[in-house]
K.L.:
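I have a structure here, written as structure tokens, and I will follow up with some questions on it.
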Amino acid sequence: MAYSASIQVNLGQRSYEVKIGSGLLDRFGEVLAESLAPRRAALITNDEIWSLHGGRLGKSLDGSCIRYQKITVPDGESAKSLPIAEEVYGQLIEAGFERGEPIVAFGGGVVGDLAGFLAATYLRGVPLVHVPTTLLAQIDSSIGGKVAINHPRGKNLIGMFYQPTFVFSDVDVLRTLDLSQLRNGLAEAIKYGFIWENGPLDYIEEHLDAILDADAAVIAPLVRDCSAIKARIVEIDERDRGLRAILNYGHTFGHAIETSSHYAFSHGEAISIGMHFAARLSAKLGMVDESVVQRHDKLLTRAGLPTKASRVNIESVIRAMSVDKKRQGGENLFVLLEGIGRPVVRPVPDDVVIELIVELTGVVH
Ligand code: GLY
């Protein structure tokens, strides 16, 4: 019998289940029929995902007599745009999709954000089902209802909170990810390890090689545990007004590195550098001892993730942080650690941040 676990996200009338397992894709039609009993579904995906896994999903829907229309969107962040959204609305209208007919997001974070945005807005809202196909989407973006598209002036500026009807995470699909995609998700899994008491840190340290091999038996419990942490955080702070900010561990400096380097670093790489930076900042402010920083260094390096950016333009990093949402009273808000699993959100003066960048990189301008 294939591994299967279920995490409940308790949000009153917006509650839903996250199903996690190996061999799940073949049961998608059955589960969709039980949950929504639609006659038809719109599947938003991209060509690569469809060519790899579309056959199984389609067959499963056929087996449950659910008709579907596949709508492919371009690969990459550019798909999260108003012109692409408009194009997809056109296809939905043309095909006569009605209110009870779900939109299924079949892909990674980009597909999930775009499909979620479309589901939230088409006909003032139709059911949304996430079938995430990357580690990052399975453990983070498919859970919690953040859906958005980008504006030419910034990422995720147009969006809302719109919870799915259910999330369906088949860990078998992770086997087709390349190592860099897997590391992208792994950086976020490591983040859960550092911000959550009794989180998956020991587990990741112990099973790192098998995780990087996308071994289903090892990765499924990791996806389950990370999903459960995300679910608990979202239950407490669905609208991102408090606790949910701890999910930004590593993201203040990480986002600044990402944007100021014009995306030379992947999200996972940038977050890895950002987590190491946040741990060092915590140590510099006397909140943790050096062993916490060493634990970051050791694990991130073993995972093949960078901990430092060698060439940092301090002005552009500070500028990128200052236009970020994470600022208070003229200072950048950082998620810092008071210990493993004990995050706190604190403003940190720019001169302390600059001092640490200089210490880490030797850059002095
Ligand atoms: N990915 C961060 C959040 O869902 O709040």
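Counting starts at 1 for both ligands and their atoms, following the listed order.
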K.L.:
Atoms of ligand 1 less than 4.0 Å from K146 heavy atoms?
P.N.:
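With K146 as reference, the close atoms of ligand 1 come out as 3 (C), 4 (O), 5 (O).
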K.L.:
Classify the contact between D140 and ligand 1 as side chain, backbone, both or neither, using a heavy-atom distance cut-off of under 4.0 Å.
P.N.:
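Only the side chain of D140 comes within reach of ligand 1.
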K.L.:
Contact between ligand 1 and D240 is defined here as a heavy atom of the residue under 4.0 Å from a ligand atom; is it met?
P.N.:
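No, D240 has no heavy atom closer than 4.0 Å to ligand 1.
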K.L.:
With R175, which of D172, V171, V173 fulfils side chain to side chain contact (heavy atoms under 4.5 Å, CB included)?
P.N.:
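In the set D172, V171, V173, the residue that makes a side chain to side chain contact (heavy atoms under 4.5 Å, CB included) with R175 is D172.
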K.L.:
Atoms of ligand 1 less than 4.0 Å from L247 heavy atoms?
P.N.:
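Checking each atom against L247, I get 3 (C), 5 (O).
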K.L.:
Salt-bridged, E338 to R346, with N to O below 4.0 Å?
P.N.:
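Salt bridge: yes.
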K.L.:
Pick from F265, F334, F277: which one makes a ring pair (Phe, Tyr, Trp, His ring centres under 6.0 Å) with F253?
P.N.:
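That would be F277.
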K.L.:
Hey, is R295 close enough to E205 for a salt bridge, meaning N to O under 4.0 Å?
P.N.:
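Here R295 pairs with E205 in a salt bridge, since their nearest N and O are under 4.0 Å apart.
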K.L.:
Of the protein's non-hydrogen atoms, which lies at the shortest distance from atom 5 (O) of ligand 1, and what is that distance?
P.N.:
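Heavy-atom neighbour on the protein nearest atom 5 (O) of ligand 1: R244 NE, 2.7 Å.
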K.L.:
So, are K59 and D26 salt-bridged, with charged N and O less than 4.0 Å apart?
P.N.:
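Here K59 does not pair with D26 in a salt bridge, since their nearest N and O are not under 4.0 Å apart.
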